[in-house]
Amino acid sequence: MANRTDPAAKSIHGTNPQNLVEKILRSKIYQNTYWKEQCFGLTAETLVDKAMELDHLGGTYGGSRKPTPFMCLVMKMLQIQPEKDIVVEFIKNEDYKYVRVLGAFYMRLTGSVTDVYQYLEPLYNDYRKLRRKLPDGKFCLTHVDEVIDELLTRDYSCDIALPRVQKRWTLEASGILEPRRSALEEDFEEEEEKEEDEQAMDAYEADAHEKDYYHGRSPTRERDRDRKRDSYRYHRDRDYDRDYGRGRERDRDRDREHGRDRDRERDRDRDRDRYRPRDEKDYGRERERERDRDGRERERRDRDRGRRRSRSRSRSRDRRERDREDGDYRKRRARGSASPRRRPEEDGGAREEPRKKKEKKEKKSDGTDHPDPEIAEANRLRASLGLAPLKL
Amino acid sequence: MIEVVLNDRLGKKVRVKCNEDDTIGDLKKLVAAQTGTRADKIRIQKWYTMYKDHITLRDYEIHDGMGLELYYN
């Protein structure tokens with residue numbers, strides 16, 4: 001008797017409003033003491049009093065999935081189905097934040113799409129703290145705007161499956177809603193302007209940041225710098241051949257957004273060093289490996305070098321180097337043409353190497369390459385859930 | 001790797017491959033992926049013992065081929 005919906009209530013989303021809460025949770029609420037004692041015979045007015053006494057929100061908690069008073073009141077609202085004005089009053093009131101959230105939750109469950117966006121979005125500006133009960137029974141801190149965001153973007157909250165609302169941009173495209181204006185819009189515009197100014201400066205600074213990331217903070221920085229300076233001098237005296245393509249690398253380093261380029265450079269560096277010993281057969285494999293390692297070190301050093309010098313100087317140096325390299329190259333390879341040398345080979349070579357490396361890596365870590373398809377499938381699922389692969 | 005059978009006596013019977021040091025919570029995620037229910041709606045029991053989320057299968061002495069009861073929250 002007490003659990004039947006008000007006979008004058010309309011159906012919501014094509015069903016009895018209480019059916020918005022699924023069966024198991026509904027039975028749990030009906031058996032709950034709070035529901036039986038406090039929520040018996042509530043009307044819209046007395047409901048407000050109960051709502052003002054709320055001090056936390058949440059779904060079900062504990063081993064037996066006990067519902068919170070918040071849930072019981074949501075259920076009661078679904079049962080008596082208050083007028084839309086009353087719900088809007090709940091949302092608009094500023095004094096009691098839990099009443100606000102209760103109203104917002106009910107609106108999200110029962111309101112039309114436009115209503116939902118219209119009434120819930122102003123609540124984004126409310127930053128007050130809320131207490132939320134987690135499924136294990138403990139409390140955690142959240143804020144009103146976080147809860148509203150969850151209501152608008154997710155389709156599950158407080159153990160209730162929320163009805164579908166279309167994405168905002170669909171509604172904007174069909175003209176039902178206007179584009180959203182945030183209260184922080186002016187602040188964002190200022191920030192953007194500042195960022196653009198700083199980006200030009202950051203192009204140089206980004207190299208320093210990467211160095212920090214690799215080498216840690218201040219104590220080692222001095223040492224690294226000294227070490228690099230020395231080794232730079234040492235290597236510079238050696239082969240100018242190794243400086244081949246460095247100019248191109250440095251220019252590409254400038255576009256720091258493209259991390260891909262950096263990988264390609266490293267591969268190219270490695271490839272280049274591998275190609276070279278073909279001519280110089282007395283160099284053993286170790287020498288080659290050394291050069292690989294050095295190639296990478298040198299690359300990092302080059303970036304620092306580029307950072308310390310000005311752009312114009314390096315550019316002219318590039319040109320000089322490139323001319324010198326061309327001449328050198330022609331001498332060594334005995335080719336008459338000055339056509340771009342390794343580009344087609346390089347790219348093909350570079351692409352093969354990372355692919356081979358990736359395959360090797362996959363076999364080791366994920367187990368998704370297991371010969372048995374069932375196990376591979378299981379491992380793929382586990383990887384997507386964030387679990388370790390099966391131990392066979 | 002062990003294989004556990006979960007049965008809810010209402011038509012859903014699921015075989016799940018997992019490691020022994022997976023927790024019950026991980027097992028629930030795997031079951032959820034296979035059955036389509038949400039992981040937090042699933043309850044795994046053995047007679048009246050409800051299995052807790054943070055304990056591993058090894059600690060519960062769940063072996064290969066063992067049957068568990070699947071309930072819903």
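As the structure is a prediction and not an experimental result, all values here were calculated from the model. Computed over heavy atoms, backbone and side chain alike; hydrogens, waters and symmetry mates excluded. Lettering follows sequence order; numbering is per chain, from 1.
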**Q** Quick check for you: to the nearest 0.5 Å, what is the distance between A/E374 atom CD and B/E3 atom CD?
**A** 7.5 Å

**Q** Can you tell me which portion of A/L387 sits under 4.5 Å from chain B's heavy atoms? Options are side chain, backbone, both or neither.
**A** side chain

**Q** I'd like to know whether OH of B/Y60 has more than 12 heavy-atom contacts from other residues, nucleotides or ligands below 6.0 angstrom.
**A** yes

**Q** Check whether more than 12 heavy atoms from other residues, nucleotides or ligands sit under 6.0 Å from atom NZ of A/K129, and answer yes or no.
**A** no

**Q** Any idea which heavy atoms bring B/L30 and A/L381 closest together, and the distance?
**A** CD2-CD2, 4.0 Å

**Q** With only heavy atoms counted, which part of B/D21 is less than 4.5 Å from chain A, the side chain, the backbone, both or neither?
**A** side chain

**Q** Rounded to the nearest 0.5 Å, how far apart are CG of B/D22 and NZ of A/K391?
**A** 7.5 Å

**Q** Ion pair present between A/R382 and B/D26, side-chain N to carboxylate O less than 4.0 angstrom?
**A** no

**Q** What part of B/K41 gets closer than 4.5 Å to chain A, counting heavy atoms only: side chain, backbone, both or neither?
**A** side chain

**Q** Can you name the closest pair of heavy atoms from A/L390 and B/M1 and give their distance?
**A** CD1-SD, 3.5 Å

**Q** So, taking the atom named NZ in B/K17 and the one named CD1 in A/I375, what distance separates them when rounded to the nearest 0.5 Å?
**A** 6.5 Å

**Q** Please rank A/R65, A/E22, A/K28 by heavy-atom pairs under 4.5 Å with chain B and give me the top one.
**A** A/R65

**Q** Nearest 0.5 Å, what's the CG-OG1 distance between B/D40 and A/T60?
**A** 7.5 Å

**Q** Can you establish whether the number of heavy atoms outside B/R15 located under 6.0 Å from its atom CZ is more than 12?
**A** no

